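Okay, so here's the structure we're looking at.
Atoms considered below: every heavy atom in the structure, side chains included; atoms not considered: hydrogens, waters and symmetry mates. Start at 1 with the first residue, then count along the sequence. What you see is a predicted model, and the numbers here were worked out from it, not measured in a lab.
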Amino acid sequence: MLNSTLIGALPCTSAAPPPPPKMEINSMPEALQLHAQILKTGKTQQKSLTNIFTFSALSSNGDLTYARLILHSIPSPDSFHYNTMIRAYSRSPDPIKALHFFLYMARNSPIRPDKFTYPFVLKSCARLGLSHQGKQLHGVEVNDVTVVSILRACAETGALSVGMRVHEVVKEQRIGLKAHVSTALIDMYAKCGCIKNARRVFDEISVNKDVYSWTAMIAGLASHGKCEDAIDLFNQMQELSIKPDERTMTSVLSAYRNAGWVSEGYRFLKTMHKKYGIWPTIQHYGCAVDLLARAGHLSDAEELIKKMPIKPDGVLWRTLIWGCKVNKDMNRAERLIDHLKSLKMDSNDDCGNLVLIGNVYASAGKWLDKARTRELMNKRGLVKPPGASKIEIDGAVHEFIVGDSDHPEAEKIYAKLDEIEEKLREEKYQPKLHEVLLEVDDEEKAFQLSHHSEKLALAFGLIKTSPGTEIRIVKNLRSCEDCHAFMKVISKKYHTDIIMRDRIRFHHFSNGECSCKDYW
């Protein structure tokens, strides 16, 4: 088992990680000289130590052993420092040490793994091959904590093949009988797009399914659009007198939301405390507002926000404004934008608020207002997160961002996209130009749409897999209308099922149709 002695008793802080420092050091002698100067002053200089640390860890001329030494002397290491060590070891001759750092983060440190951690953890797993021989996973003790940590990484990134290999280890080591391991397997399969495998694991739990297993299965079914099955499973849970918790309630409300069952979902929210003894939280109200707004019940959604006993956050107001945009109620949207601007929100909400506000102005053709919003974002140093999509090929996770040209096979990917677009023209497919919220001509809009991240991931998947192979894509944002229509046509034209997870739910594209029935 991993303990703090493996990587030293490091002081920690949960502060947000700083941006990667500039690489001002060009050689290890320079790094050593700078370190000597710091030691001579007797003062700890976090920024300079971080510079030395980053060069030592990541440079081809660096020294990983020295990087670990520097890490011990940094007074407040954060997720940037941990992730840098995991990244460095994932490409070193000794990738097992990347898992040591990851497990330390997962089990002993107040700094939790984040979205930057997992790709390098999975790279290490792929390089290690997750050997099934013996009780050791190439030096990492195979126990329930190890397995759950890696399964969570697989779920986060959509790394199905690694998750399946971990499942084989679970079977061999007979640790799948532990409830939290089974729950992690259900969650991994559901989030990697294999809801049938998730259900199989759930059904194989012969006795004592706990609330966490039931909730993971209900949430998985809801996210895959199998909303009636999710509600039926919740009813079975009630019949067995298993008491639900707050997450169970969120999962059930998500099922109602994804199905568009407005009256049933609203009734469930209103009776939660009376029937189940659980007071609605901000997450539960968020599901209900999304349900109402998406279905066009904008007045009811606004009234719910105003009357709820909890102070609404920026996410709730954004959900309603997004509903106004979708349902083309621009008067209400602009009134709510004015209200949102008047509120004192957490600074973390600023970027999301301003991005949505800019999009609403663009949808209404108010380009000057959008430009002012963009200027305000620049002034505050806020950057809209780019659309990013991941696809797993042969155990390796590849990530693409919109307009990505950095991938080693970028030339082949764009050639494949040209081929796809030619086939789409044969099908009389027309891009949804209104999705491009820029003041540019139609040709430029079509160009922008063609380079969305999920289309790049799909093209790469078609290149790397044999015809008819199921393709799975994970996207960080809600899928746009054009990409959704694009996937439907491709699934029919290429006779390929596509399973895409966006920020809200799963979309199963098959033979020109989507499991969401165009309601998302």
Are side-chain N/O atoms of [X] and [Y] paired as donor and acceptor at under 3.5 Å?
| X | Y | answer |
| --- | --- | --- |
| T281 | H284 | yes |
| Y89 | R68 | yes |
| T183 | S213 | yes |
| H507 | S515 | no |
| D63 | S56 | no |

Can you name the one residue among C516, S479, C480 that meets side-chain contact (heavy atoms from CB on, under 4.5 Å) with D502?
S479
Pair [X] + [Y]: ring centers closer than 6.0 Å:
| X | Y | answer |
| --- | --- | --- |
| W214 | F234 | no |
| F486 | H452 | no |
| H180 | Y212 | no |

Say you draw a straight line from [atom1] of [X] to [atom2] of [Y]; how long is it, rounded to the nearest 0.5 Å?
| X | Y | atom1 | atom2 | answer |
| --- | --- | --- | --- | --- |
| T117 | I86 | OG1 | CD1 | 5.5 Å |
| I282 | D313 | CD1 | CG | 4.5 Å |
| Y66 | M28 | OH | CE | 6.0 Å |
| M188 | N197 | CE | CG | 8.0 Å |
| I504 | R294 | CD1 | CZ | 6.5 Å |

Axial cation check for F506 ring with K226, 6.0 Å and 45° limits
no
Looking at E409, I want to see if its CD is surrounded by more than 12 non-hydrogen atoms of other residues, nucleotides or ligands under 6.0 Å.
yes
Hey, are R165 and E168 close enough for a salt bridge, meaning a charged N less than 4.0 Å from a carboxylate O?
no
Charged N to carboxylate O below 4.0 Å: is that the case for K423 and E426?
no
Between [X] (side chain) and [Y] (backbone), is there a donor-acceptor pair under 3.5 Å?
| X | Y | value |
| --- | --- | --- |
| R501 | R472 | no |
| N476 | A388 | yes |
| E470 | I499 | no |
| H81 | D78 | yes |

Heavy-atom nearest pair, G158 first then V474, reads CA-CG2, 4.0 Å
Non-hydrogen side-chain atoms of M237 and P244 separated by less than 4.5 Å
yes
Are any non-hydrogen side-chain atoms of F101 and L71 less than 4.5 angstrom apart?
yes
E399: salt bridge (Lys or Arg N to Asp or Glu O under 4.0 Å) partners, not counting sequence neighbours:
K390
Only one of H167, K196, R199 passes side-chain hydrogen bond (donor to acceptor under 3.5 Å, both in side chains) with Y189; say which it is.
H167
